[in-house]
Amino acid sequence: MHFPTQSSPFIRPKNTVTKMMLHVLLALVPALIAYVWYFGWGIVINLGIATITALLCEFLALRLQNKPGLPALGDLSVVVTAILIAFCLPPLTAWYVTVIAVAFAVLLAKHVYGGLGYNIFNPAMAGYVVVLISFPQELTVWLPPRGVDLGLDSVSFGQTLSYVLSGSLPTPASLDAVTSATPLDLLKTDLGEMRTMSEIKTHPIFGSQGAHGWEWINNYIAIGGIYLMFMKVIRWHIPVAVLASLAVMAGMFNMFDPDHYAKAGFHIFSGAAILCAFFIATDPVTAATSNMGRIIYGIGIGVLIYVIRNWGGYPDAVAFAVLLMNMCVPLIDYYFKPRVYGHGKSKTKKAKS
Amino acid sequence: MDVPLREAPYRFTGGIEVNANKDESTADRIRHTPIPGQIILPLRQHSGNAATPLVSIGEQVLKGQLLAAAHGSVSANIHAPTSGMIVAISDYPVPHPSNLSDTCIRLIPDGMDMWIERPVTERDYKNLDNQTIIEIIRKHGIVGLGGAVFPTEIKLKNSQDNRISANQKNLPDLHTVVINGAECEPYISCDDKLMQEYADDLLEGIGIVLQITGAERCMFAIENNKPEALRFVKQALREYNDARIELYSLPSLYPQGGEKQLIQSLTGKEISPNGLPLDLGYLMLNVGTIKAIRDAVIDDMPLISRVVTVTGDGIKFPQNVMAMLGTPVSELIEFCGGYKDKQQLHQLIMGGSLMGISLHSDAVPVVKAMNCVLVSTRKNTQPKQALACIRCGECAQVCPAGLLPQQLYWYSQAKNYHEAQRFNLADCIECGACDYVCPSHIPLVQYFRHAKSEIRQRDEQIRLAEQAKMRFEKREQRLEKIATQRAERLAAKKARTQKLASKDSSAIDEIMQRVKQRKSSNTDRNNSGDAN
Ligand code: SF4
Ligand code: SF4
């Protein structure tokens, strides 16, 4: 009998990119539910718009490059990008803002560089930053979380949908009535007006750790992140480095001047820091690759988040921090290579018994 | 005496957990296959030179007779696995990654299985000196049966030389023999079975090796997914009662059985990139080799058969068989019930599913290196379509060599071999662990092999070019030398003739002077005569 020949190994790999992405999507479900609970249906609508746009853009990009649609669309990476963008955008974002963010992410940040695996910048963050710069006002307008009584009624699904689709927020008069700033935004403005931390914290939006509602969403995001670590979709290095360095920075400044610098817990639980640590910075394509490199990369992001939040122009700095560190990745990869077996001093680990 | 079972104290870097798939083939005892219809013995079944045939076509040979002699410094003898007639010495397909043919001796068995005269059975090795034992091992064509098929005699000799030169080279003396019973590749179970059924023999073999090497210690290492093997060896050890032999259980983690990884797990030490375990004072032998050493030294048996695992989901009755070398693989498969569903077959593999090589035909014979014949179906081995690398770094997490496979892949693909070398491509042991975990299904090892061969070729070209340059320069020098020599010769000749000429002229001058003188004296005389 004759057989075709091929090169070893002859074992089917158990892992697939699609499976990894499915785990990521699954890990975001609890946070999504919490999100809807606290901020209404806006995120679901954003998510739908983002996903459809992402799939269409991906298909278009593949078509233009004469690549087959299936393996690339099926890897679901583009869906993850869309969902991360939706998670970053406010619940009442006008549809075209979402479309612009996603289209930029997929077409330019991803495909101009050669598609999945070749992009230098985190596509979701690149897309988000584009609309953050282009529509600064819209992107800081959030609904108040459920349970915070600012004397407003909650917004129904139908209302949300019509806001999103009409492309305009409620009329200026009701705008102020319906929306509120994000906690980080509030903190920034208030600090700018020379209030002290303890005064600012009396605002009803602040919860026990971070901000009301946000802290719970963040808890669920963290649970999803730990699930990903457990499933070995991501490793611990980046999340731990991002959160630890952010906490250390915040802790240090808070100790030094508690009146003007928020606590570590606040920094971790009120913005997108946790989402960044587990889901954004861990995007493998744009992160450093060695374990040591990942720690450096994570620390860089944590420190930058803190620096930009405090002294930069934007209240939440996750996107900028990630993009800035993306630029450093080639350098980090160059300098932090793991030690190769037999070269240099042995660091063999004792077996755990 | 109770025998302690120790845990390997260290952990090698990286590694993967793979589904072992060994249950199928370990249910039964090792069965001997019948004498096959024909025997095909490749002349190169070992690393080094092909052996030189000593027999001619039509010759009757006996079981155990030397058919081909080792040729050169690294090579091994080949013996007749059974009695019969030599019918051909010609090219035939052999199990080799290149799938090319190679010279083979073909023998038609007469079915009598008649041994040549053997001087002894049950030889007492304790009275023999090292030289004699090593000579027996050489004579009987023993090679490493773990896969490298390096002549064992040379390994042992080197380890002896090492004792002598150790102090000069600042290396430690050979102090420990490591017996590799890890068998970490999925599907393969021949060593497992061997340890279960021949534990006593293995300990005798270890005794022989300890005697030759003078090592004070032996670490017998078995992966803990072989509880039966551990149990049998332990039991045998209880009776054998040699405190020098320590039994170690290893976590089942691929590639635990790699030479470097095993040393790392047992000792925490790493072998330097181009080094050998011997540099650290360790000698490693596979259990199959130990058994072959024992059979050669005690029973005077050449290496003419071996245990082969015949398995995979394409085989009807997977099992371990003791097969004569030279048995066509197709006959082994027949013996194991044949193929299951010919429509579904996909690959015929020699070795395990991670590091084995795929064979294009089942007509090839069993050789010394063949530990496993794996027949797998489409559903098991059909490669998946490769996607782009997402730089997830999983490959780097599992690489036992501590490499960054994704970078190596990147540079290999871009044919940037310089960078690939800078990222230590040469240290890749081609274990396939990275390949196995890659979620994008990139055939990483294939890229690395290709890059390595390209680099080898390039280096070879550079070497050849340099040789040519050197030859050219030498020739130039030679020509120049000839030219200068000729010039010198010419100059010398010229000088000589000149000298001669000047000598001549001076002689002439002399004569002339003399003539002048005589003339003048004559004149004087004349004058004086005139005066007279
Ligand atoms: S495992 Fe595969 S996809 Fe992941 S970094 Fe390595 S080569 Fe790339
Ligand atoms: S094949 Fe090479 S690069 Fe891949 S895991 Fe094994 S040693 Fe590392």
Side-chain angles (χ1 to χ4, degrees), chain A residues 1-21 68 70-72 74-75 77 114-118 232-235 237 282-291 293-294 329 333-334 337-353, chain B residues 7-11 13 18 99 186 251 260 264 268-273 330 345 347-349 353-362 376 380-381 383-385 387-394 396-397 400-404 406 423-424 427 432 435-441 443 445-446 449:
Chain A
M1 262 212 52
H2 286 267
F3 294 86
T5 53
Q6 105 197 17
S7 167
S8 69
F10 308 100
I11 220 167
R12 271 196 158 194
K14 52 173 183 177
N15 205 0
T16 67
V17 176
T18 312
K19 255 192 231 167
M20 287 173 76
M21 296 298 167
L70 239 194
D75 69 26
S77 65
L116 182 68
Y118 297 95
K232 297 209 170 141
V233 174
I234 60 172
R235 303 269 168 166
H237 309 82
T282 48
D283 165 34
V285 178
T286 53
T289 48
S290 70
N291 290 344
R294 284 171 173 179
V329 162
D333 276 348
Y334 189 86
K337 286 187 280 179
R339 197 186 64 85
V340 175
Y341 178 103
H343 293 261
K345 242 179 125 189
S346 163
K347 283 196 210 119
T348 306
K349 280 193 224 104
K350 274 264 180 196
K352 283 170 251 139
S353 51
Chain B
E7 300 277 333
Y10 298 91
R11 197 195 169 294
T13 30
V18 270
N99 276 319
K260 295 178 164 183
Q264 199 178 14
K269 293 180 190 149
E270 291 179 14
I271 304 162
S272 63
S330 54
L345 296 185
Q347 293 271 304
L348 175 68
I349 297 153
S353 51
L354 281 154
M355 288 180 92
I357 56 172
S358 77
L359 304 175
H360 78 304
S361 154
D362 60 7
S376 71
N380 226 348
T381 33
K384 289 193 182 174
Q385 191 180 3
L387 303 173
C389 167
I390 57 165
R391 294 174 27 101
C392 64
E394 280 310 298
Q397 300 286 346
L403 303 172
L404 290 173
Q406 75 273 41
F423 277 80
N424 302 90
D427 289 278
D435 225 311
Y436 178 68
V437 297
C438 176
S440 290
H441 310 137
V445 184
Q446 220 164 301
R449 287 203 186 108

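Every chain is numbered from 1, with letters handed out A, B, ... down the list of sequences.
- In this structure, chain A has a heavy atom under 4.5 Å from the side chain of B:L345, while its backbone stays farther away.
- Proximity to chain A is limited to the side chain of B:L387, based on heavy atoms less than 4.5 angstrom apart.
- Interface remark: of the candidates A:S7, A:G117, A:S77, A:G115, A:S7 forms the most heavy-atom pairs closer than 4.5 Å to chain B.
- Between atom CG of residue A:N15 and atom NE2 of residue B:H441 there is a gap of 7.0 Å, rounded to the nearest 0.5 Å.
- Of the possible polar contacts, none joining the A:T5 side chain to the B:S358 backbone as a donor-acceptor pair under 3.5 Å is found.
- Looking at B:Q385, only its side chain comes within 4.5 Å of chain A, counting heavy atoms on both sides.
- Judged purely by atom type and a 3.5 angstrom limit, A:Y118 has no side-chain atom pairing as donor or acceptor with the backbone of B:C389.
- Contact count versus chain A (heavy atoms, under 4.5 Å) is highest, among B:V437, B:D435, B:V18, B:L403, for B:D435.
- Only the side chain of B:P186 comes within contact range of chain A, with heavy atoms under 4.5 Å apart.
- The two residues A:R294 and B:G393 have their closest heavy-atom pair at NH2-CA, 3.8 Å.
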Run the side-chain hydrogen bond (donor to acceptor under 3.5 Å, both in side chains) check on B:D427 and A:H343 step by step: do they pass? CA-CA 10 Å; B:D427 289 278; A:H343 293 261; 2.9 Å; yes
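- Residue B:S440 is tested with A:V17, A:L116, A:D75 for a side-chain contact (heavy atoms from CB on, under 4.5 Å); the sole match is A:V17.
- In this structure, chain B has a heavy atom under 4.5 Å from the backbone of A:K232, while its side chain stays farther away.
- Residue A:M1 touches chain B through both its backbone and its side chain, counting heavy-atom pairs closer than 4.5 Å.
- Both the backbone and the side chain of B:C392 come within contact range of chain A, with heavy atoms under 4.5 Å apart.
- With respect to A:D283 and B:R391, no salt bridge is recorded, no charged nitrogen being found less than 4.0 Å from a carboxylate O.
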